[in-house]
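In listed order, ligands and their atoms are each counted from 1.
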Amino acid sequence: MELLRGSRVVVTGRTGGFSTGPYDSRNLGANVGDVPLAVARNRALTVTEAGADGAVFMRQVHGVNVEYVSGPHDGVPDTDAVFTDRPGLALAALGADCPAVVVSGPGWTGAAHAGRAGTLNGVVPALVNALRKAGATELTAFIGPGICGRCYEVPEAMHADAPEVMRATTRWGTPGLDLRAALTAQLVDLGVPPTHDDRCTLETPELYSYRRAPRTGRHAVLTHLP
Ligand SMILES: [Zn+2]
């Protein structure tokens, strides 16, 4: 468990849950083909183990919509970032290569799902701005595990269109993208220097990776105020 200024952060893995087959076993994603009852049990277990009273999950669409939340929800529609001031309410951002980002300050915490599109379109700056507008100060951030720049191969045109800080080269010498570098730069620009989980999802069997296996589950980064 990570501790940010104000919030507790938990990064989940694959073990200890109820899902089987390609979702084995702590899949937290509701729309990936897994048995709904298994996902519900995995979510309930994870929230309890994290020490929270309830949780908010999102129906993530690689967008930049940010929502304030005040109670449990099993899938906030069309949303990739949520924030709250309610103690004990865990906010979950799901991923299977896309990094999740937590931004917290005293009395406030937020979570965002930041894949390529979300990073390019600024979902994390949108979350920081929403938190500040609500009155949050002294913000710090945490970037969860994600696919690394040496594994995340993309077409040459996509690489050329990306901001320079996001461009990388894969370990086999082709165009790649480094989402963590881009997210770090965004957060530093906003005065919210992040810490991060340095694991690459593709290289870490304990985490889900869409690039490793398209039919797979989702881990999560959860944050809650104590
Ligand atoms: Zn990697």
Notebook entry, point to check: Are V64 and L190 connected in the hydrophobic side-chain network, where two residues link if heavy atoms are under 4.5 Å apart?
Noted result: yes
Next item on the list: Taking the side chain as every heavy atom from C-beta outward, state whether Y152 and L202 have any atom pair closer than 4.5 Å.
Entry: no
Next item on the list: Count, excluding waters, the protein N, O or S atoms that are closer to the Zn ion (ligand 1) than 2.8 Å.
Entry: 4
Notebook entry, point to check: Looking only at atom types and distance, does a side-chain atom of S25 sit under 3.5 Å from a main-chain N or O of R14, one as donor and one as acceptor?
Noted result: yes
Note to self: Looking at R171, I want to see if its CZ is surrounded by more than 12 non-hydrogen atoms of other residues, nucleotides or ligands under 6.0 Å.
What the structure shows: yes
When the side chains of residues 96-114 are checked against the rest of the protein, which donor-acceptor pairs come out under 3.5 Å, sequence neighbours left out?
residue: D97; atom: OD1; partner: T201; partner atom: OG1; Å: 2.7
residue: D97; atom: OD1; partner: S209; partner atom: OG; Å: 2.8
residue: D97; atom: OD2; partner: S209; partner atom: OG; Å: 3.4
residue: D97; atom: OD2; partner: Y210; partner atom: N; Å: 3.1
residue: D97; atom: OD2; partner: R211; partner atom: N; Å: 2.8
residue: S104; atom: OG; partner: S7; partner atom: OG; Å: 2.8
residue: S104; atom: OG; partner: T109; partner atom: OG1; Å: 2.7
residue: T109; atom: OG1; partner: T223; partner atom: OG1; Å: 2.7
residue: H113; atom: ND1; partner: D80; partner atom: OD2; Å: 2.6

Margin query: When you measure from the side chain of R180 to the backbone of H196, do you find a donor-acceptor pair of N or O atoms at a distance under 3.5 Å?
Written below: no
